[in-house]
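Written out below as structure tokens is the structure these notes cover.
Every value quoted in this text rests on a predicted model; they were computed, and no experiment measured them. For the single chain, residues carry numbers from 1 onward in sequence order.
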Amino acid sequence: MAVTGGRVLPAPGVLPLVVSSVLARLPLGMTLALLLLAREATGSYGPAGVVVGVFGGATALAAPLLGRLVDRLGQVRVLVPCALAEGAGLTGLVVAAGAGAPLGVLVGLAALAGAALPPVAACLRALWPEIVRDPVARERAFAFDATVQEVIWTSGPLLAGGVVTLVSPSAAVLLMAAVTVGGTLWFASLSWPRRWQPRGGGPSGLLRRAAIRTLVLVSALSGASMGALEVGLPGLADHLGAEAASGALLGLASFGSLLGGLAYAARTWRSPLALRFPVTLGVVALLTAPLAVVPSLPLALVAALLSGLAWAPMLSCLYSLVGRVAPDGAVTEAFTVCGAAMAAGGAGGVALGGALVDVGGAPAAFALAVAGALVGAAVAAAGRAQY
């Protein structure tokens, strides 16, 4: 039964759906385990970074194809094989690393595991219009989704680091595999994914739609902003002589996003969604800018918390707009394409932001983060009529 009122979470079947999706996506926040496993196997962070980079790159490249397959075959028929393939790839990485396999083997297994990452997030977002028919409640569902995913980025690294410290990197990667498979199979066993009917036929022509192209571009720009922020915060900690505070700064930014998402979801908004989207991106830029001038660690901690407040609201607007403009039969693909664009932008933001930190310090990376959000806001505002 679909939700027609304003409440989302108490609806039958929604809580297990959300919890299982978070569990299935938790390994996205545990890539520290992959890094440390590869570092242990190769003896260097350089090759280890290649392994993690290939994992993330393969995920971004394969996501749109998997989304298209979901739209044509259904959620369960794609999610289950993907979960098993990713579990096999991660387990193979552990075995290969323990056997002293060459870097090429590790890279190949990382590519397999990354490409097979189940598109659970896109599947959940494709379900919200089916579950929540009321437009206001649907926006709250997307806001709740954007907020809950912060659990992945706050708890994932802590879980991975804890298992690495107490047991080993191999154990942490095996936990990644188990959590992915268990969470995805649980999600796929629930009634909503099993009942979801594919509507895709031939080529979707998704990127021929101006609104989709705009949202893909804004996704890439916001991803670049996020990536620059992620590398700028550790750079700021180093500049302040408190390198150990890097994790705290990143965690506070994620916690700020969680708080902002909860506040956003708790309110009924009367302004048009197409207006709120560029405004939230502008607020992201406004709240990030102070990080470039903070003179002390206590102020940096406060500024990091504030810098995250608008991220979940912005993502909520993005998800709602994608769900609104995606053509029937290509909804999952639309979410995966925008997600891939954000991941690619994030990778670029991290790379360019890191280079800027080396040249101009952390303020240069924060300037890139502000610029990415402002340009994204301008593009989103220019495309308002398309939504």
Counting N and O atoms only, with roles assigned by atom type, does the side chain of [X] sit under 3.5 Å from a partner on the main chain of [Y], one being a donor and the other an acceptor?
{"X": "Glu86", "Y": "Leu84", "answer": "no"}
{"X": "Arg213", "Y": "Arg208", "answer": "yes"}
{"X": "Thr59", "Y": "Gly114", "answer": "yes"}
{"X": "Ser316", "Y": "Ala143", "answer": "yes"}
{"X": "Ser168", "Y": "Ala171", "answer": "yes"}
{"X": "Thr91", "Y": "Ala88", "answer": "no"}
{"X": "Arg384", "Y": "Ala380", "answer": "no"}
{"X": "Thr184", "Y": "Ala83", "answer": "no"}

Worked verdict on Leu309 versus Ser257 for side chain to side chain contact (heavy atoms under 4.5 Å, CB included): CA-CA 4 Å; Leu309 288 176; Ser257 179; over 6 Å; no

Inter-residue atom distance [X].[atom1] - [Y].[atom2], 0.5 Å rounding:
{"X": "Gln149", "Y": "Leu26", "atom1": "CD", "atom2": "CG", "result": "12.5 Å"}
{"X": "Leu185", "Y": "Thr180", "atom1": "CG", "atom2": "OG1", "result": "10.5 Å"}
{"X": "Leu275", "Y": "Trp269", "atom1": "CG", "atom2": "CH2", "result": "10.5 Å"}
{"X": "Leu249", "Y": "Glu230", "atom1": "CG", "atom2": "CD", "result": "13.0 Å"}
{"X": "Cys317", "Y": "Leu273", "atom1": "SG", "atom2": "CG", "result": "5.0 Å"}
{"X": "Gln197", "Y": "Glu130", "atom1": "CD", "atom2": "CD", "result": "9.0 Å"}

Please find the pair of heavy atoms, one from [X] and one from [Y], that lie closest to each other, and give the distance.
{"X": "Gly383", "Y": "Thr214", "result": "CA-CG2, 4.4 Å"}
{"X": "Ala122", "Y": "Thr332", "result": "CB-CG2, 3.8 Å"}
{"X": "Gly87", "Y": "Val181", "result": "CA-CG2, 4.0 Å"}
{"X": "Pro234", "Y": "Ser246", "result": "CA-OG, 3.5 Å"}
{"X": "Leu221", "Y": "Gly372", "result": "CB-O, 3.8 Å"}
{"X": "Arg140", "Y": "Ala266", "result": "NH2-O, 4.5 Å"}

Report yes if the side chains of [X] and [Y] come closer than 4.5 Å at any heavy-atom pair, otherwise no.
{"X": "Tyr319", "Y": "Trp128", "value": "no"}
{"X": "Trp196", "Y": "Ser191", "value": "no"}
{"X": "Leu291", "Y": "Leu229", "value": "yes"}
{"X": "Leu23", "Y": "Phe187", "value": "no"}
{"X": "Leu73", "Y": "Pro198", "value": "no"}
{"X": "Leu159", "Y": "Met30", "value": "yes"}
{"X": "Ser307", "Y": "Val284", "value": "no"}
{"X": "Val293", "Y": "Pro363", "value": "no"}

Can you confirm whether the side chains of Arg25 and Ser21 place a donor and an acceptor under 3.5 Å from each other? yes

Decide, yes or no, whether a salt bridge links Asp145 with Arg138 under the criterion of side-chain N to carboxylate O below 4.0 Å. no

Same cluster for [X] and [Y] if Ile/Leu/Val/Met/Phe/Trp/Tyr side chains link at under 4.5 Å?
{"X": "Met342", "Y": "Leu61", "answer": "no"}
{"X": "Val283", "Y": "Val218", "answer": "yes"}
{"X": "Val19", "Y": "Leu175", "answer": "yes"}
{"X": "Val51", "Y": "Met176", "answer": "yes"}
{"X": "Leu79", "Y": "Val18", "answer": "yes"}

Would you sort out whether Glu139 and Arg276 count as a salt bridge (charged side-chain N to carboxylate O under 4.0 Å, His left out), showing the intermediate values? CA-CA 12 Å; Glu139 275 199 52; Arg276 268 178 279 139; 2.6 Å; yes

Apply side chain to side chain contact (heavy atoms under 4.5 Å, CB included) to Tyr387 and Ser320, showing your working. CA-CA 10 Å; Tyr387 314 135; Ser320 295; over 6 Å; no

With Glu333, the side chain to side chain contact (heavy atoms under 4.5 Å, CB included) member among Ile212, Leu206, Val70, Leu69: Leu206

Using side chain to side chain contact (heavy atoms under 4.5 Å, CB included) as the criterion, point out the one residue from Cys123, Pro118, Pro119 that pairs with Leu66. Pro119

Decide side chain to side chain contact (heavy atoms under 4.5 Å, CB included) for Leu117 and Cys82; before the verdict, give the C-alpha distance in whole Å, the side-chain angles of both, and the deciding distance to 0.1 Å. CA-CA 6 Å; Leu117 187 76; Cys82 281; over 6 Å; no

Against the six-membered ring of Trp192, is Arg194 placed for a cation-pi contact (under 6.0 Å from the centre, within 45° of the normal)? no

Side chain to side chain contact (heavy atoms under 4.5 Å, CB included) evaluation trace for Leu17 with Ile131: CA-CA 11 Å; Leu17 198 68; Ile131 299 171; 3.5 Å; yes

